[in-house]
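Scroll down for the structure; my scribbles are underneath it.
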Amino acid sequence: MGEPIIVIEGLKKSFGRLEVLRGIDLTIHQGEVVVVIGPSGSGKSTLLRCINFLEKPTAGRVLFHGEEVGQRLVNGRLVPLPEKVLDQQRARMGMVFQRFNLFPHMTALENVIEAPIRVRKLPRHEAEELGLRLLRRVGLADKAGQYPNFLSGGQQQRVAIARALAMEPDVMLFDEPTSALDPELVGEVLQVMQDLANDGMTMVVVTHEMGFAREVGDRVIFMDGGLILEEGPPEQIFGEPRHPRTREFLSKVL
Ligand code: ADP
Ligand code: MG
């Protein structure tokens, strides 16, 4: 197994009095595909959002390449990292959401190259080359000049994946990337994700697509009530789940 890229230690997150994450320990290694499953409200999105500090942990910490994300200890006190440093950390973690959030007034290509130009300061022609290469990689070379409204949901989500890849991230975080799609469009997005995994991308994927979890996941995490109740290789989680809650969940979704 590759070296650890993300190390999550004793992670807790509360919203007011609601404790959503109740102590998560998880290490994600280079090249690993970790699939997170579990019922709605179990804290899966919050876990992903804590990884890139879209949510600030209430306790515990997330290390990315050995460095704490978003904050650091100074004289025994946690202080936020300067915005610029946090941006640099986030730039190396691509995130894809259920809703694609493309800029509607920009073409597919413009959506993909916006951040490389603005954040990575790539010259436009280099960014365009990169953007076209990435659109080709997600099967949309012929849609570069198209506006999002003229693309299907599956195509828009593939543009969103290309946009995330344009920052050349070390890890990709997916939060139910196919949940908002019509069923016939799910497969093309999962295929792109599978290709990425085959290319060695480190991925954390929250999904209800059990076929994907089984075939592409190196490890499956089952969450419930803000805790990891069970984790293991897909064969074990799907073949012989040990925790009664895992069994109950799988009996409903499979
Ligand atoms: P999942 O992704 O597994 O469905 P979430 O992480 O989205 O679960 O949510 C877990 C719980 O935290 C839910 O009860 C949800 O309502 C609550 N929650 C999530 N985000 C917030 C927030 N920003 N403020 C208050 N409650 C939240
Ligand atoms: Mg969620």
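Values below: every heavy atom of this structure, side chains too, minus hydrogens, waters and symmetry copies. What you are looking at is a predicted structure, and each value in this text was computed from that prediction instead of being measured.
The distance from the CD1 atom of Ile161 to the CE atom of Met95 is 13.0 Å, given to the nearest 0.5 Å. One distance of note links NZ of Lys56 with CZ of Arg49; it measures 15.0 Å at 0.5 Å rounding. Distance check, rounded to the nearest 0.5 Å: CD of Glu55 to OG1 of Thr58 gives 9.0 Å. In this structure, the separation between CD on Glu188 and CG on Leu140 is 8.0 Å, given to the nearest 0.5 Å. Interatomic distance, CG of Leu181 versus CD of Gln155, reported as 11.0 Å (0.5 Å rounding). Remark: Glu110 CD to Arg124 CZ distance equals 6.5 Å, nearest 0.5 Å.
Looking at Lys12, its side chain never comes within 3.5 Å of a backbone N or O of Glu19 through a donor-acceptor pair. Looking only at distances, a side-chain donor or acceptor of Gln156 sits under 3.5 Å from a matching main-chain atom of Leu151. For the pair Gln89 (side chain) and Gly70 (backbone), a donor-acceptor distance under 3.5 Å is present. Judged by distance alone, with hydrogens and angles left aside, the side-chain atoms of Asn111 form a donor-acceptor pair with the main-chain N or O of Met106 at under 3.5 Å. Glu3 places no side-chain N or O within donor-acceptor distance of the main-chain N or O of His29, the cut-off being under 3.5 Å. Arg219 places no side-chain N or O within 3.5 Å of a backbone atom of Val33 that could act as its donor or acceptor partner. Looking at Asn101, its side chain does come within 3.5 Å of a backbone N or O of Arg99 through a donor-acceptor pair. Between the Ser14 side chain and the Arg17 main chain, no donor and acceptor come within less than 3.5 Å of each other. Remark: side-chain polar atoms of Asp218 are not paired, donor with acceptor, to backbone N or O of Glu32 under 3.5 angstrom.
Side-chain atoms of Thr246 and Glu230 include a donor-acceptor pair closer than 3.5 Å. In this model, a donor atom of one side chain and an acceptor atom of the other lie less than 3.5 Å apart for Gln191 and Asp195. Judged by distance alone, the side chains of Asp175 and Ser45 do bring a donor and an acceptor atom under 3.5 Å apart.
Nearest heavy atom pair, residue Glu114 against residue Phe103, reads OE1-CE1, 4.0 Å. Across all non-hydrogen atoms, the minimal contact from Pro148 to Leu102 is CG-CB, 3.9 Å.
Between Arg72 and Glu67, none of the side-chain N atoms (NZ, or NE/NH1/NH2) sits under 4.0 Å from a carboxylate O, so this pair counts as no salt bridge.
Remark: Lys13 qualifies as a cation-pi partner of Phe15 under the 6.0 Å distance and 45° angle criteria applied to the six-membered ring.
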message: Assess the residue pair Phe222 and Arg245 against the criterion (side chain to side chain contact (heavy atoms under 4.5 Å, CB included)); give the C-alpha distance rounded to whole Å, side-chain angles, the decisive distance to 0.1 Å, and a yes or no.
response: CA-CA 9 Å; Phe222 174 70; Arg245 288 289 298 130; 3.9 Å; yes
- request: Could you check Leu63 against Glu9 for side chain to side chain contact (heavy atoms under 4.5 Å, CB included), going step by step and ending with a plain yes or no?
  value: CA-CA 8 Å; Leu63 303 176; Glu9 295 175 343; 4.3 Å; yes
- request: Decide yes or no on side chain to side chain contact (heavy atoms under 4.5 Å, CB included) for Met172 and Val96, but give the supporting numbers first.
  value: CA-CA 8 Å; Met172 287 283 285; Val96 176; 3.9 Å; yes
task: Tell me, with the steps shown, if Met223 and Ile37 meet side chain to side chain contact (heavy atoms under 4.5 Å, CB included).
output: CA-CA 6 Å; Met223 280 182 70; Ile37 63 172; over 6 Å; no
- prompt: After noting the C-alpha distance and the side-chain angles of Arg133 and Glu129, does the key distance pass the salt bridge (charged side-chain N to carboxylate O under 4.0 Å, His left out) rule?
  reply: CA-CA 6 Å; Arg133 182 157 51 77; Glu129 229 165 81; over 6 Å; no
